[in-house]
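All ligand and atom numbering here is 1-based and tracks the order in the structure. Remember, it's a predicted structure, so these values are computed and weren't measured experimentally. Because only heavy atoms are used, hydrogens play no part in the values below, and waters and symmetry mates are left out as well, while side chains stay in.
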Amino acid sequence: MKVPMLDLTEQYQNLKAEILPAMEDVMSNARFILGDNVKKLEADVAKYSNVNHGIGVANGSDAIHIALSAIGVGPGDEVIVPSFTFFATAGAVARAGATPVFVDCDPKTFNIDPAKIEAAVTDKTKAIVPVHLYGQMADMDAIVEIAKKHNLGIVEDAAQAIGSKYKGKSVGELGTAATYSFFPTKNLGAYGDGGMVVTNDDELAEKMRVIRVHGSKPKYYHHVLGYNSRLDELQAAILNVKFPHLDEWSDLRREKAENYTKLLNEQVGEKVVTPFIADYSHHIFHQYTIRVERRDELQKFLQEQGVSTMIYYPKPLHLQPVFAELGYTEGDLPETEKAAAEAISLPMFPELKIEQQQYVVEKIAEFYSKN
Ligand SMILES: *Cc1c(COP(=O)(O)O)cnc(C)c1O
């Protein structure tokens, strides 16, 4: 049996009858940039996030960069970020001209550990970028409290967490702004790059709308330095077809996660640590990530058996060569470094079959029974 990490083909076949005419419509109308499809998606995603504004941008990385710029982050500022995340979280901080300050993760949720944030705050700190990793929100109450105390902005990196909730509150409701990615592999994926910022702050929303069009307002008059970073109509048209299905897909992911946890507990036992779901959390399982011993050997074995897995992420950001001049060394963030050595994500997508899940778990059990 072959079990891919992610298979988007079945979803396309199911939606093809709606997607193709939606694309055809964009081409026939020949309106490709910031038209009605983008407007509709912005309104729908903002409403879904329980906030007033959605600003469609070119990708999830730019979404973070633009949100940080709009809240005034620039050269000389520090921004607190987790180290156990995708590069873009810290990349956006550096591109905004500021310095990322890395904080260790909570070993249970893999998210930034709020207990370790305050020690990283200095008089240069301007914002915190918590990441809602794997589809579970970071501990927002604690983060909001620290931000209030030190007058910091919060940009939630929700690239992996559209539809996730914290004590019933949506992504974007508790931060200053939140950012989504529509990269094809994300829970709401386009057929190319795309992203969005959501916020309740009217002034901030207006700034971001200006920044994404070269900082121009009115057209050809530039008061701030912006970029070209827009969500295009074709991607928005595709996303408008997909969006109504998002909650149903998230429920299917949650169901697959339950299946995995049950099967792993029954068949593998203490050799794996299954995902921890915080009691505040509505987890939408962008990834199903476990901790294991001898992770790399397990991955190799599974690959030989036809099971694809992924390591999110093998090298913490504080140890990346590009950030060498920040002066971090091994041992600085022990929980992050441990997670980078132990975490492995199993195949996860709404169309995954129970037979495939059984096969994956059987093979994991086989690996640990032989070794
Ligand atoms: C995917 C991702 C991003 C970047 O999104 P792009 O649309 O690929 O630019 C940022 N942060 C996290 C945590 C991500 O997973």
Side-chain angles (χ1 to χ4, degrees), residues 5-6 8 38 41 45 54-69 79-96 100 102-103 105-106 109-112 127-138 140 143 154-164 171-172 175 177-198 208 212 227-232 234-236 238-239 242 253 283-289 310-318 320 322-323 336 339-340 343 345 348-349:
M5 189 62 201
L6 169 69
L8 294 168
V38 171
L41 187 72
V45 171
I55 298 96
V57 297
N59 53 68
S61 309
D62 279 7
I64 306 167
H65 183 186
I66 288 172
L68 288 171
S69 297
V79 175
I80 291 171
V81 294
S83 173
F84 194 59
T85 174
F86 179 58
F87 173 76
T89 311
V93 171
R95 284 200 294 143
F102 295 106
V103 167
C105 66
D106 173 333
T109 62
F110 297 104
N111 282 322
I112 193 166
I128 307 172
V129 184
V131 178
H132 305 322
L133 203 66
Y134 305 144
Q136 169 158 252
M137 284 177 72
M140 289 302 289
I143 293 167
I154 300 174
V155 175
E156 301 170 56
D157 179 349
Q160 302 186 2
I162 188 165
S164 187
V171 163
T179 63
Y180 296 122
S181 164
F182 305 127
F183 186 75
T185 62
K186 304 291 159 101
N187 287 23
L188 181 63
Y191 293 160
D193 282 305
M196 194 177 288
V197 188
V198 293
M208 294 191 282
R212 76 174 164 181
Y227 340 105
N228 174 2
S229 183
R230 299 171 294 227
L231 177 62
D232 63 62
L234 210 46
Q235 298 305 339
I238 293 159
L239 291 166
K242 287 188 163 198
R253 286 173 180 273
H283 193 324
I284 48 91
F285 284 98
H286 173 60
Q287 298 298 343
Y288 183 89
T289 304
M310 291 291 279
I311 309 299
Y312 301 119
Y313 295 91
K315 194 171 178 74
L317 299 188
H318 69 285
Q320 293 286 349
V322 67
F323 293 130
T336 296
S345 301
M348 172 56 83
F349 49 97

(Q) I'd like to check the side-chain contact (heavy atoms from CB on, under 4.5 Å) partners of A63; sequence neighbours left out, ordered by chain and number. (A) V57, T179, V197
Q: Among all protein heavy atoms, pick out the one at the shortest distance from atom 1 (C) of ligand 1; state its residue, atom name and that distance to 0.1 Å.
A: K186 NZ, 1.5 Å
Q: Could you tell me whether ligand 1 has any atom less than 4.0 Å away from a heavy atom of H286?
A: no
Q. Can you tell me if E156 uses its side chain to pair, donor with acceptor, with the backbone of G175 under 3.5 Å?
A. yes
Q. By number and element, which atoms of ligand 1 are closer than 4.0 Å to a non-hydrogen atom of V131?
A. 13 (C)
Q. Taking all atoms of both residues into account, what is the closest heavy-atom pair of I143 and P130, and its distance?
A. CD1-CB, 3.8 Å
Q) Are any non-hydrogen side-chain atoms of Y134 and Y312 less than 4.5 angstrom apart? A) yes
Q | ligand 1 atoms in contact with S61 (distance to a heavy atom under 4.0 Å) | A | 4 (C), 5 (O), 6 (P), 9 (O)
Q: Can you figure out which of G194, A63, A88, A159 has its heavy atom closest to atom 12 (C) of ligand 1?
A: A159
**Q.** Heteroatom proximity flag, D157 to ligand 1, N/O under 3.5 Å
**A.** yes
Q.
L133 versus ligand 1: do any nitrogen or oxygen atoms come within less than 3.5 Å of each other?
A. no
**Q.** Heavy-atom pair of closest approach, residues Q160 and H286
**A.** O-CB, 3.2 Å
Q.
Evaluate T85 for polar contact with ligand 1, using N/O atom pairs at a separation under 3.5 Å.
A. no
Q) Is the Y313 ring parallel, tilted or perpendicular to the F84 ring (thresholds 30°, 60°)? A) perpendicular
Q | Shortest non-hydrogen separation from P82 to L317 and the atoms involved | A | O-CD1, 4.5 Å
Q) Atoms of ligand 1 less than 4.0 Å from N59 heavy atoms? A) 7 (O), 9 (O)
